Amino acid sequence: MKIISNNIYKALQLYNNQKQIKDVKTSAKVKKRDKLSLSNKAIEYQIAMKALKNVPDIRKDKVEEIKRQIETKTYKIDSGKIVEKMFENVNIDEKV
């Protein structure tokens, strides 16, 4: 009694041959890489952010000058400048 016939072997050989051809085709394709391109505005923004990171948070020369003026009692408060700064970011029609 014959359990496996020649037809099954032939079918398996055809299947394996097709699989090998398919593998060769997929490996022969050139794989595309992702590409990133930035706009000029984005590049300018990036440069500005790098420059901003290099600027110190505290202007020591300005702080020292104000400290000196306070110690010598020559520091004068300009109330007009204070009011202007307070209303700088407020959205009103006219400044009084």
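Being a predicted model, the structure only gives us computed values, none of them experimental. Residue numbers run from 1 in the order of the sequence given.
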What residue pairs, at least two apart or across chains, pass salt bridge (charged side-chain N to carboxylate O under 4.0 Å, His left out) with a residue in residues 54-68?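 Applying salt bridge (charged side-chain N to carboxylate O under 4.0 Å, His left out) to every pair that reaches into residues 54-68, excluding sequence neighbours, yields Glu65-Arg68.
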Members besides Val63 in its Ile/Leu/Val/Met/Phe/Trp/Tyr cluster (side-chain heavy atoms under 4.5 Å):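 Cluster partners of Val63: Ile58.
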Output a table of donor-acceptor pairs, distance under 3.5 Å, between side-chain atoms of residues 34-53 and any protein atom two or more places apart or on a different chain; print 'none' if there are none.
from, atom 1, to, atom 2, distance (Å)
Ser39, OG, Ala42, N, 3.2

Assess whether atom CD1 of Ile77 is packed by more than 12 heavy atoms of other residues, nucleotides or ligands within 6.0 Å.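 Counting other residues, nucleotides and ligands, CD1 of Ile77 stays at 12 neighbours or fewer.
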Side chain to side chain donor-acceptor pair (under 3.5 Å): which pairs involve residues 72-83, sequence neighbours left out?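 Those involving residues 72-83 are Thr72-Thr74.
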